[in-house]
Each structure stands twice: as C-alpha cells, then as structure tokens.
Amino acid sequence: MATTDVGKRVRLLCEIAGISARELGRRAGVTGQTVSNTIRGDRGEPSLSTVVAISRACGVPVQWLIEGGDQPTREHVRAALALDGEVRP
C-alpha cells in the first residue's frame, strides 16, 4: 500500500528528530507499530487520535500533519520531544 501524505510527514518528523518510529511512538503514547503503520500507510489513514498524539509530541499542528505546509525545524521538533540534551546516535 502506498504511503499516505500523513505518513510521509510522520517519517519526516522522525528524520528531523533523528529518532525511530518506535521512539516517536513511545513519546507520543502510541505503539511503535502504530507509527510504523502510519508511515507505511499499511492501515490506510491513521486515526485522528494517533494524528493528535503525534502532533502534540512533536509540537506541530494537526493541520500540518494532515495538509502539509511549512516544514518544522529540527530544533523545534527536538525541543518538543525533549531531545535537546540527548546525543543523537
């Protein structure tokens, strides 16, 4: 199944933050499998609760995850995820 636009933006957030889908899931309060499914589009569009959880964890608007727009900065996403003090692998 093709990656959805939401999935592409979630993948981008992981890349910007330098974290795995599993880690994003942990920080968002969803499973890593849910994040992976969202990225791959394996289950179609993700639930609104998943989109809201990811958006809150990453400090990006729900609207951005759904519709796109200006890309968030690495600093913004890492700060929202409280990654500023962590060493990136």
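Keep in mind it's a predicted model, so treat the numbers as computed, not measured.
Ser36 approaches Ala21 most closely through the heavy-atom pair OG-CB, 3.6 Å. Of all non-hydrogen atoms in Ser20 and Glu23, the two that sit nearest each other are OG-N, 3.0 Å. Of all the heavy atoms in Leu13 and Pro72, the pair that sits closest is CD2-CG, 3.9 Å. Considering every non-hydrogen atom in both Ala57 and Arg27, the closest pair reads CB-O, 3.8 Å. Taking both residues in full, the closest heavy atoms of Ala80 and Gly59 are given as CB-N, 3.6 Å, listed atom of the first, atom of the second, then distance.
Counting only residues at least two apart or on different chains, the side chain to side chain donor-acceptor pair (under 3.5 Å) pairs with a member in residues 59-71 are Gln63-Glu67.
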> What's the verdict on side-chain contact (heavy atoms from CB on, under 4.5 Å) for Asp5 and Leu65, showing C-alpha distance, side-chain angles and the deciding distance?
Replying inline: CA-CA 8 Å; Asp5 288 339; Leu65 275 176; over 6 Å; no

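The shortest distance between side-chain heavy atoms of Arg22 and Val35 does not fall below 4.5 Å. Contact annotation: the side chain of Cys58 approaches that of Leu24 to within less than 4.5 Å [non-hydrogen atoms, C-beta and beyond]. Looking at heavy atoms from C-beta onward, Ile39 lies out of side-chain contact with Thr4 at the 4.5 angstrom threshold.
No donor-acceptor pair under 3.5 Å is formed between the side chain of Thr34 and the backbone N or O of Val30. A donor-acceptor pair under 3.5 Å links the side-chain atoms of Arg78 to the main chain of Leu83, judged by distance alone. Put simply, the side chain of Arg74 never gets that close to the backbone of Ala17: no donor and acceptor are under 3.5 Å apart. Using a distance-only test at 3.5 Å, with no hydrogens or angles considered, a donor-acceptor pair links the side chain of Ser55 to the main chain of Val60.
Atom CD of residue Gln33 and atom CZ of residue Arg40 lie 5.5 Å apart, to the nearest 0.5 angstrom.
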Under 3.5 Å, which donor-acceptor pairs do the side chains of residues 46-53 form with other protein atoms, sequence neighbours left out?
from, atom 1, to, atom 2, distance (Å)
Ser47, OG, Ser49, OG, 3.1
Ser47, OG, Thr50, N, 3.2
Ser47, OG, Thr50, OG1, 3.0

